[in-house]
Amino acid sequence: MKLSNTQLFRGIEEPKIESLLGCFETKEIAFKKGEYVLKEGNPTEYIGIVLSGAVIIELSDAWGNNSVISGVEKGGAFAEAYACVPGSLMLQHVTAYEKSEILFIN
């Protein structure tokens, strides 16, 4: 996937994106359907970009029930608010809705 097609990098040329990414710690991780991408209660320093597949963002209640509050498809970003506040804990968890590949940017 071309990163210039993502929400975060829209309008920036690919060579400039590659140069920008060189300034950050990045990692690509593949997830199976149903696998946790980020867990509630854990900190994260990474913004996630869905390169393929899709993820859902869920909120758990006191009884352990999960409610889907958002979905993020190919090209979308998630966890940006948590990544920008050092030490903040995830209030939701992110799960792979289908087989997905995620680019994490610190």
Side-chain angles (χ1 to χ4, degrees):
M1 158 173 227
K2 294 175 91 176
L3 290 175
S4 59
N5 293 334
T6 64
Q7 293 173 345
L8 186 62
F9 294 110
R10 188 168 290 135
I12 302 174
E13 297 172 5
E14 287 293 325
K16 290 183 180 180
I17 294 171
E18 293 301 320
S19 179
L20 283 169
L21 290 178
C23 299
F24 301 100
E25 177 187 344
T26 62
K27 57 185 176 181
E28 287 183 32
I29 301 176
F31 294 90
K32 297 176 186 171
K33 180 178 179 173
E35 189 173 5
Y36 282 116
V37 175
L38 296 172
K39 289 187 177 182
E40 177 183 3
N42 292 336
T44 185
E45 299 175 348
Y46 293 90
I47 295 172
I49 297 177
V50 180
L51 299 178
S52 67
V55 300
I56 54 174
I57 301 170
E58 299 176 291
L59 187 61
S60 297
D61 65 20
W63 298 274
N65 300 311
N66 294 327
S67 299
V68 175
I69 57 172
S70 182
V72 182
E73 297 180 338
K74 182 178 176 181
F78 60 91
E80 54 272 15
Y82 297 102
C84 293
V85 181
S88 66
L89 302 179
M90 294 284 298
L91 298 177
Q92 306 94 10
H93 53 272
V94 181
T95 306
Y97 183 70
E98 56 191 46
K99 181 180 174 186
S100 303
E101 188 171 335
I102 310 296
L103 172 65
F104 290 99
I105 304 171
N106 184 322

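Given the structure is predicted, the values throughout are model-derived calculations rather than measurements.
- G53 and S100 make their closest contact through CA-OG, 3.6 Å (heavy atoms, listed as atom of the first residue, atom of the second, distance).
- Other residues sharing a hydrophobic cluster with I56 under the 4.5 Å side-chain heavy-atom criterion for ILVMFWY residues are V68, Y97.
- The heavy-atom pair separating V55 from A96 by the smallest distance is CG1-CA, 4.2 Å.
- The shortest distance between side-chain heavy atoms of E25 and Y46 falls below 4.5 Å.
- Two residues are said to be in side-chain contact when any heavy atoms from C-beta on lie closer than 4.5 Å; I17 and S4 meet this criterion.
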With a cut-off of 3.5 Å and sequence neighbours excluded, list every side-chain donor-acceptor pair involving residues 31-42.
{"from": "E35", "atom 1": "OE1", "to": "K32", "atom 2": "N", "distance (Å)": "2.9"}
{"from": "E40", "atom 1": "OE1", "to": "S60", "atom 2": "OG", "distance (Å)": "3.3"}

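- You'll find the side chain of L103 stays beyond 4.5 Å of the side chain of I47, heavy atoms only.
- For Q92, the side chain to side chain donor-acceptor pair (under 3.5 Å) partners at least two apart in sequence or on another chain are Y82.
- Side-chain contact between L21 and L3 is present, with heavy atoms from C-beta onward closer than 4.5 Å.
- Here the side chains of H93 and N66 are in contact, with some heavy-atom distance below 4.5 Å.
- The backbone N or O of F78 sits less than 3.5 Å from a side-chain atom of E80, completing a donor-acceptor pair.
- Panel note: side chain E45, backbone P86; no donor-acceptor pair is recorded below 3.5 Å.
- Both L91 and I69 belong to a single network of hydrophobic side chains, linked directly or stepwise wherever heavy atoms of I, L, V, M, F, W or Y lie under 4.5 Å apart.
- Put simply, I12 and I105 are part of the same group of oily side chains (I, L, V, M, F, W, Y) that touch within less than 4.5 Å, one to the next.
- One distance of note links CZ of R10 with NZ of K2; it measures 13.5 Å at 0.5 Å rounding.
- The CG atom of L51 lies 7.0 Å from the CD1 atom of I102; values are rounded to the nearest 0.5 Å.
- Within a 6.0 Å radius of CD in E13, other residues, nucleotides and ligands contribute 12 heavy atoms or fewer.
- Here E14 contributes atom CD and F9 contributes atom CZ; the two are 9.5 Å apart, rounded to the nearest 0.5 Å.
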